[in-house]
Amino acid sequence: MTTKGSVLVGLAFVFVGLILVLSDRWPENVNVIGTKTRKAHKFDHLFLLWFIKQFLQLLLLPLWFMIEKNILGFGVFKHGGLPQRVRRDVQMRNVNAFQDENNDNAPNQGEGENQAAEDEQNQNDQALLLHRNPPRQLRSPSKLIYFPAAFFAQASVLLLYFGLKLTYGSSFIMLKGTVAFFTALLAMAFLAQQLACYVWFGVVVTTLGFAVSGISDYIHVPNGGYEKYGIAAGDLLIVMSQIMFATKIIYEEKFIRKHSIHPMLFLGAEATYGFVFAGLFLILFNLLDLVQYSYLPNGRMEDIVDAWNQLRNSWQCSLAFSGSIVFYILYTYLGMFLIRDHGALPRIMIESIIWALYWAVCLALDWETFFIAQVPGLCIVPIGVLIYSHILVIPFVSCGQRGEMRAQDFIRQEIEENQGEPEQDRDGNGHAGYQEQEGAGENHPVAEEDVRLLDHQVEIHAANGDDLMIEG
């Protein structure tokens, strides 16, 4: 994806995400009569909403197949694909070794030998070896790789739901910043990413910004507050929810890149398990009485009939409900593109902007109690994002930047030295490096000086706009 395309996806992600979180919050401020003979109450039907979201996400799977197979002309909507990754490096190393061995054993034929005949012989040798040992295509991933992502998503929703029932809404904002910290830790542990000092500093500053914004409820305790031990338990559940969410997106980054899975296919396949989870919990919570966790008149955690009546009786609830469903699909789809093309941590840092804007809008609409102490926190969050993006440069936390520049200079030098060698295919090990075009069957050498070091990977942008990933 080009730089311009990435910027557009990021802006769309922020806009869609802001509409989504505001749609989820709006019904909480509307009291509507649900089932007749019962009093008006706020719309609190998270599990029905989650079930419908998973159902619509599941529909992405047949939609992807229709686009991929060009059924009913849906192929015109094909987008966002990556060329099929083929393990060529091992085979090309074998080709080079085979040629070197033949060259060592061959007699010196002198300078007058026909160069064309030699080139033809080399091509025949390559063709023979690749015929005996063809490039091994990556096997289709197991259907079970989508199960953990669905499990982590469902666990995050459940933990967050019960956590918010025990503590203030501002606690969620205060602890939301921890997801960036947990994502950075998991990226180091499971993806072997080496993060620069300024990246860590930006993550910490963003986390502190959310903490400053949400701590006001603990300084100015509202009337009718929660129990002290309940607040501690709720905060712990919220932190656990953020850990589950961070684990989910790190898992998605690993496997969507490893198997070059299209985001639409990944989300649709993930929803095959998520839909089953959501359906089971929807049925369970329609039968389970937990008055301390429910705002519904019947004391149950979910009531489908009550939700239907509330949607019929209030256009605000209907509009917010519909907006939450539609924008959720767009939000997760754009987020998966960010994970695939840039990584889980950049996606989280962009998402932090959404929650800062959301908190500011809630304060402006009087959905949350305003305290002057919240203002510095809302200002600190974007500063942390700027530091993370290395837009705002702070000298004493720029360690690691020199190492990145040295790596970039090295890659540029390697590219320049091999500009005139179209016969060779180069990769991160000094071998092969043609970027295969999807559906074209043509090879184009990397020939551009734009090189960036992304965490543990070097991404080389070719002159024709293609990307070549070199694992480092």
Can the ring centroids of [X] and [Y] be said to lie less than 6.0 angstrom from one another?
X: Phe51; Y: Phe55; value: no
X: Phe281; Y: Phe285; value: yes
X: Phe255; Y: Tyr251; value: yes

| request: Just say parallel, tilted or perpendicular for the rings of Tyr358 and Trp355, cut-offs at 30° and 60°. | output: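 Correct class here is perpendicular.
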| query | Do the ring planes of Phe147 and Phe151 sit parallel (below 30°), tilted (30 to 60°) or perpendicular (above 60°)? | reply |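 It falls in the parallel class, under 30°.
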Please report the shortest heavy-atom distance between [X] and [Y], naming the atom on each side.
X: Cys317; Y: Gln310; value: CB-O, 4.3 Å
X: Ser156; Y: Phe245; value: OG-CB, 3.8 Å
X: Thr206; Y: Val385; value: OG1-N, 3.6 Å
X: Leu191; Y: Lys254; value: CD2-CB, 3.7 Å
X: Thr183; Y: Ala246; value: OG1-CB, 3.4 Å
X: Val32; Y: Asn313; value: CG1-CB, 3.8 Å

Considering only heavy atoms from C-beta outward, does the side chain of [X] approach that of [Y] to under 4.5 Å?
X: Glu253; Y: Phe190; result: no
X: Val179; Y: Ile249; result: no
X: Tyr328; Y: Gln54; result: yes
X: His262; Y: Glu68; result: no

Under 3.5 Å: donor-acceptor pair, side chain of [X], backbone of [Y]:
X: Thr332; Y: Ile329; value: yes
X: Glu28; Y: Lys42; value: no
X: Ser318; Y: Leu311; value: yes
X: Gln242; Y: Thr178; value: no
X: Thr247; Y: Ile243; value: yes
X: Arg300; Y: Asp289; value: no
X: His45; Y: Phe43; value: no
X: Glu252; Y: Ala149; value: no

| task | Could you please spell out the steps behind the side-chain contact (heavy atoms from CB on, under 4.5 Å) verdict for Val14 and Ile350? | result | CA-CA 7 Å; Val14 172; Ile350 296 175; 3.6 Å; yes
| said: If you apply the rule side-chain contact (heavy atoms from CB on, under 4.5 Å), what do you find for Phe13 with Arg347, and how did you get there? | reply: CA-CA 9 Å; Phe13 181 73; Arg347 179 219 184 274; 3.9 Å; yes
| field | side-chain contact (heavy atoms from CB on, under 4.5 Å) between Phe201 and Val205, intermediate numbers included | value | CA-CA 6 Å; Phe201 191 75; Val205 170; 3.7 Å; yes
| task | Check step by step if side-chain contact (heavy atoms from CB on, under 4.5 Å) holds for Leu49 and Ser324. | result | CA-CA 8 Å; Leu49 182 62; Ser324 178; 3.6 Å; yes
| request: Take Gln154 and Trp50, measure what side-chain hydrogen bond (donor to acceptor under 3.5 Å, both in side chains) needs, and give me the verdict at the end. | output: CA-CA 9 Å; Gln154 185 67 53; Trp50 179 250; 2.9 Å; yes
